[in-house]
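All values below come from the heavy atoms of this structure, side chains included, with hydrogens, waters and symmetry mates left out. In listed order, ligands and their atoms are each counted from 1.
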Amino acid sequence: MSVKRIAVLTSGGDAPGMNAAIRAVARTAINRGLEVYGVYRGYNGLINDDMFEMNLRSVSDIIHRGGTMLYTARSPEFRTEEGMQKAIANLRKRGIDGVVVIGGDGSFRGAQDLTRRGMPTIGIPGTIDNDISCCEHTIGYDTALNTCMEMIDKLRDTAQSHDRCSVVEVMGRRAGYLALNVGIACGATSILVPEIEFDFEKDILERMAATAKTQKKHFIIIVAEGVGGVLEMAKSIEERTGIETRATILGHVQRGGSPTLRDRVLASQMGNEAVKLLLEGKSNRVVTIQNDHILDYDIEEALAMKKPFNLDLYEMAHEISI
Ligand code: ADP
């Protein structure tokens with residue numbers, strides 16, 4: 001039975017580029033003869049039947065905007081059998097026979113639950129954390145990297161003027177990809193990531209001392225969210241070195257902003273592919289990119305995969321940072 005009417009939703013943490021993905025889903029679907037519904041606030045919109053039929057103009061003027069025009073949510077109710085059944089019943093009532101879920105790994109687990117109850121689903125990885133193992137770049141990651149870089153460049157100006165140390169926490173949940181790449185791009189003295197245990201003396205104080213010997217007087221330490229503790233760390237650095245040290249948690253600014261070219265193109269490709277997969281009768285797949293090729297994986301398989309941490313890049317970063 002071929003797909004005739006699909007729904008698209010954004011779920012979990014938002015990421016710049018989600019709008020470009022929604023646009024690609026809606027335009028591809030309509031241009032290929034499907035009807036498409038935009039669902040508000042993630043899985044809550046399925047439970048509350050909060051959705052509307054989209055036309056080609058519903059997604060005008062959003063490709064350059066951060067956030068998500070469909071809003072997003074975390075939905076504890078969807079994780080109950082009752083919530084899930086309500087969602088399925090609303091989809092069936094409207095004759096919807098396929099759902100595109102734009103979100104992170106939690107959202108894909110929800111998509112799997114829909115598939116298990118007979119609703120075809122395709123996942124699109126939208127998360128600034130880049131923590132989907134089978135996917136080299138998730139939607140929003142590039143924008144977040146660039147936002148962090150710009151913010152830290154500004155911190156560097158003031159750290160340099162005052163001979164200060166700046167300890168900066170960047171997002172990434174349990175993953176250190178954002179921290180590692182931003183750390184390299186911003187010339188951090190030390191980069192702390194959850195994948196690699198660190199030693200306060202060796203990895204921070206000794207590196208700062210070695211740098212100070214060469215007359216450098218300002219320092220940037222990048223700390224991944226999954227390591228945390230930047231306030232205490234800044235205090236300890238100041239106590240031990242006598243160098244004035246400030247902690248900054250970049251926070252939600254990293255989730256916003258106009259998506260970069262890379263995120264817009266990626267989101268467009270992924271949105272287009274998701275609809276093509278549904279039309280091919282595929283389900284329970286996640287769209288990914290590897291070596292510039294758009295691929296798809298079984299969600300179960302994708303969630304079980306582990307992304308290797310790039311140790312070479314980590315070691316290189318530290319080799320050139322003093
Ligand atoms: P992300 O998709 O960004 O990883 P979350 O982990 O918060 O964000 O997941 C988003 C939503 O997906 C949750 O609020 C919930 O509704 C749904 N979800 C998460 N985990 C599961 C699960 N194991 N089973 C079913 N639904 C889930």
Report task. Flag Ala73 as yes when one of its N or O atoms lies below 3.5 Å from any N or O atom of ligand 1, and as no otherwise. Result ->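 N/O-N/O distance under 3.5 Å: no.
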Query raised in the report: Could you go step by step and tell me if Leu70 and Phe52 meet the side chain to side chain contact (heavy atoms under 4.5 Å, CB included) rule?
Result: CA-CA 10 Å; Leu70 293 177; Phe52 67 102; 3.8 Å; yes
Report task. Taking atom NZ of Lys213 as the centre, report whether more than 12 heavy atoms of other residues, nucleotides or ligands fall under 6.0 Å from it. Result ->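 Counting other residues, nucleotides and ligands, NZ of Lys213 stays at 12 neighbours or fewer.
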Side chains of [X] and [Y]: donor-acceptor distance under 3.5 Å anywhere?
X	Y	value
Asn55	Ser58	yes
Thr121	Thr115	yes
Ser321	Arg207	yes
Asn146	Thr260	no

Which atoms of ligand 1 have any heavy atom of [X] under 4.0 Å away?
X	value
Asp113	24 (N), 25 (C)
Ser11	10 (C), 11 (C), 12 (O)
Asp105	4 (O)
Tyr43	12 (O), 16 (O), 17 (C)

**Report entry** CA sep, side-chain torsions, deciding dist, call: Leu178, Gln254, side chain to side chain contact (heavy atoms under 4.5 Å, CB included)
**Finding:** CA-CA 10 Å; Leu178 195 60; Gln254 295 163 94; 4.0 Å; yes
Report task. With heavy atoms under 4.0 Å as the rule, classify the contact between Arg173 and ligand 1 as side chain, backbone, both or neither. Result ->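 Arg173 to ligand 1: side-chain contact only, backbone stays beyond 4.0 Å.
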Query raised in the report: Under the 3.5 angstrom rule, does the side chain of Asn44 hit a backbone N or O of Ser75 as a donor-acceptor pair?
Result: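 The answer is no, because no donor-acceptor pair under 3.5 Å joins these two groups.
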[atom]: which protein heavy atom is closest, and how many Å away?
atom	answer
atom 22 (C) of ligand 1	Arg109 CB, 3.5 Å
atom 7 (O) of ligand 1	Arg74 NE, 2.5 Å
atom 19 (C) of ligand 1	Gly106 O, 3.1 Å

Measure from [atom] to every heavy atom in [options] and give the option owning the shortest one.
atom	options	result
atom 2 (O) of ligand 1	Gly126, Gly12, Ala111, Ser107	Ser107
atom 26 (N) of ligand 1	Ala15, Gly103, Gly110	Gly110
atom 14 (O) of ligand 1	Ser75, Gly13, Pro76	Ser75

